[in-house]
Amino acid sequence: MATSLKKYSVLPGFGLSLGYTVLYLSLLVLVPLSALFARASGLTWEQFWGTVANPRVLASYRLTFGAAFAGATINAVFGFIVAWTLVRYRFPGKKLVDAMVDLPFALPTAVSGIALTAIYSSNGWIGQYLEPLGIKVAYTPIGVTIALTFIGLPFVVRTLEPALQDLDRESEEAAAILGASRWQTFRRVIVPSVVPALLTGFALSLARGIGEYGSVVFISGNMPMKTEISSLLIVTRLEQYDTAGATAIAVVMLCASFVLLFAINMLQWWHTQRARGGA
Amino acid sequence: MTPQLSTQLNSPVVRQIEAIAIKSTAGPMNRNRTAQVSAPPLGLREARLPRPAATEFPNSAAPRPTAGKPKLRLATDDPLWLRLLLTTITIVFLSLFLLVPLAAVFTESLRKGFDAYLQSFRDPAALAAIKLTLLTSAISVPINLVFGVAAAWAIAKFDFWGKSLLTSLIDLPFAVSPVVSGLIFVLLFGAHGWFGPWLAAHDIQIVFAVPGIVLATMFITFPFVARELIPLMQEQGSEEEQAAVSLGAGGWQIFRRVTLPNIRWALLYGVILCNARAMGEFGAVSVVSGHIRGKTNTMPLHVEILYNEYNFVAAFAVASLLALLALLTLALKSLVEWRLKRQLDEASRLQNET
């Protein structure tokens, strides 16, 4: 029965490798995740709604989603420029710049958190110049946005780079021969073909920003209703032994990430369909 | 004019592209030359000749023509001012956002001199945190390495029902935020969790102890190796392994002699990423650790405690170790990426040939 679900192969080790994969996946990922939903389903509707629609929690959603959205937008703009420069131009130190882009992936989030706070606090390297202008960054929503921009940048650049590399020069040349200016070519030929990749990068950056914790808790200042992100609220509830409250907020956050993940998969599907259609 | 170039210039497409290129670069610095080009009495060919402009079209991604020949700018190249502008934006933006924070870590840690920096590591709690971080990654990376290889073998070498579902499930931990990843283990093994009473009765502590930290780290780093291996092994196909079977090789022999040499760079790449995340994870570990100084603090958690105690030099000193780890990770990653790219090109070339 089991073999009929699988195509015949002469290679050994199917049972062992698949069995181990499924067992390990279930024990480490599926069972723990289902514990979350099981615990949440044990709550009454009033309990659940009372927690997730509480004004302090609502304020945290606004900050988390708003800052993540703003960060992802900044990343989409500057990430595009960075990716374009890295793919199209040659300049001294390009390899180094290229490797640097992955720094937010490699740097532990707590380290980025304290480093950003040190820079943007009122006596920090950048903060001291912004303070006289009336711009406070550390311990405000702007600080949260900066942290989420930092965290999400590589997602946009690394998703866009292959898409820009795959652009066929012929269609750009054709546009030029037909008399298009460089700007027209960019707007009508280049942008439409990299839109799926740009949106995917944006969504990945957004998804990462919504769940981010380490880099934000230091720079945000964590004032309830003002600079408290949802992830922190989960931790706070847990520290107050309010497991039910923590679970309820976690379920909302997890559902939001799943919706985004689904959107990203659809975007990627769109992306490959288009790539196939173009080839 | 060399004969080669004259045929190039006579080709109608080149002439048109060039005409457009000249038009679009007709900024102030090019105006003289454009006027010269469009001067009617001169033939097109003669007009173009005095246009060496070696320094005017540098940096294009297209191969540079060798010295001595006049340079053509392709229609797909951006004008110089745009190239300079975008390159400047890139470098300024990345320096401001990436380099400055990195530099701040090292500057802050050395603020009170090198002795104070070293003093931070004489603290037994810091040493315990370093040890726990090393222990956590020494357990979770090999386990996820074995899992990654097994999963990639099953998914890439066989066709079976539910394969794409399995592939997406492996990526699941990436979609779960760090804090929620920690929370699910508290819900399972905490005092009020599913297994909490049983664990308490048998005097086993998982959450707020080392096993919980290791579990949360394993969960977070779960997909790293598998997701590097699966696409490469799918690309490589299984012809080589089938040939090995027909020559009478056993399962372990096939893996060690045929598959492993083919995937070693991707494997290393996955391990590097997995290790960086395992050592640097903060959110998930923070929820399950319980923050017992000297016992259940990993390096990132120790950084947090020191920072919240306003012991900035010590906090940044420990952070600088993590930053060095990040730089090492980036360097190794670039190196392996380069090898890996060669291998992927090879694999797709072989596949195109067959």
Side-chain angles (χ1 to χ4, degrees), chain A residues 5-7 9-14 17-18 20-21 24-25 28-29 32-33 35-36 39 78 81-82 84-85 88-91 97 99-100 102-103 106-112 114-116 118-119 150 169 172-173 176-177 181-182 211 213-214 231 234-235 243 246 250 253-254 257-258 261, chain B residues 16 20 24 59 61 75-76 83 86-87 89-90 93-94 97-98 100-101 104-105 108 147 150-151 153-154 157-161 169 172-173 175 177-180 183-185 187-188 192 194 218-219 222 238 241-242 245 251 276 280 282-283 300 303-304 307 315 319 322-323 326 329-330 334:
Chain A
L5 293 172
K6 160 188 173 272
K7 252 199 202 155
S9 167
V10 292
L11 294 183
F14 174 70
S17 60
L18 184 72
Y20 177 68
T21 303
Y24 184 59
L25 175 78
L28 189 66
V29 178
L33 272 179
L36 180 71
R39 181 59 77 92
F78 284 94
I81 296 176
V82 171
W84 180 265
T85 312
R88 286 295 177 104
Y89 305 155
R90 291 200 308 203
F91 53 92
V97 172
M100 283 285 306
D102 281 326
L103 185 71
L107 201 63
T109 51
V111 178
S112 358
I114 60 170
L116 289 172
I119 297 166
F150 175 85
R169 290 244 170 171
E172 275 175 67
E173 280 165 10
I177 290 170
S181 69
R182 199 66 193 122
Y213 175 70
S231 291
I234 296 175
V235 175
T243 319
M253 298 309 287
L254 199 59
S257 347
F258 283 162
L261 186 73
Chain B
Q16 286 197 51
I20 292 156
S24 61
N59 260 338
T76 51
R83 285 206 298 267
L86 293 185
T87 312
I89 293 179
T90 296
F93 180 77
L94 292 184
F97 263 81
L98 306 180
V100 170
V105 173
E108 292 289 330
F147 159 74
W153 181 267
K157 303 290 179 196
F158 300 96
D159 270 319
F160 56 93
W161 183 85
L169 284 179
L172 205 57
S177 81
V179 169
V180 177
L183 175 70
I184 57 180
F185 289 102
L187 292 181
L188 272 186
H192 305 285
W194 279 2
M218 276 162 59
F219 178 91
F222 176 80
S238 49
E241 281 83 0
Q242 282 162 4
V245 169
F282 177 73
V303 169
E304 185 199 20
Y307 188 87
L322 289 168
T329 303
L330 285 185
S334 306

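Naming: A, B, ... by sequence-line order, numbering from 1 per chain.
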Chain B contact via [X] - which portion, at a heavy-atom distance below 4.5 Å:
X	result
A/S9	side chain
A/L254	side chain
A/S231	both
A/L261	side chain

Between [options], which has the largest tally of heavy atom pairs under 4.5 Å with chain B?
options	result
A/L18, A/L36, A/V111, A/L28	A/L28
A/G214, A/G211, A/A246	A/G211
A/A35, A/A250, A/S257	A/A35
A/S181, A/A115, A/S112	A/A115
A/V10, A/L103, A/L116, A/V97	A/L103

If you compare all heavy atoms of [X] against all heavy atoms of [Y], which two are closest, and at what distance to 0.1 Å?
X	Y	value
A/P12	B/W153	O-NE1, 3.1 Å
B/F158	A/L11	CE2-O, 3.5 Å
B/H192	A/R39	O-NH2, 2.7 Å
A/S17	B/A150	CB-O, 3.4 Å
A/Y213	B/G283	CD2-CA, 3.5 Å
A/F150	B/P101	CE1-CG, 4.3 Å

When rounded to the nearest 0.5 angstrom, what is the spacing between CH2 in A/W84 and CG in B/L86?
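One finds 8.5 Å between CH2 of A/W84 and CG of B/L86.
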Tell me, for [X] versus chain A, whether the close heavy atoms (under 4.5 Å) come from the side chain, the backbone, both or neither.
X	value
B/V245	side chain
B/L169	both
B/L322	both
B/T87	both
B/F147	both

List the residues meeting ring-ring contact (aromatic ring centres under 6.0 Å, His included) with B/F219, not counting sequence neighbours, and say none if there are none.
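B/F219: ring-ring contact (aromatic ring centres under 6.0 Å, His included) contacts with B/F185.
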Start with the C-alpha gap between B/V180 and A/I234, add the side-chain angles, then the distance that decides, and say whether side-chain contact (heavy atoms from CB on, under 4.5 Å) holds.
CA-CA 8 Å; B/V180 177; A/I234 296 175; 4.2 Å; yes
Between B/F160 and A/F14, does the ring centre distance come in under 6.0 Å?
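For B/F160 and A/F14, the ring centres are under 6.0 Å apart.
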Measure the acute angle between the ring planes of B/F222 and A/Y24, then classify it against the limits of 30° and 60° as parallel, tilted or perpendicular.
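The rings of B/F222 and A/Y24 sit tilted, inter-plane angle from 30° to 60°.
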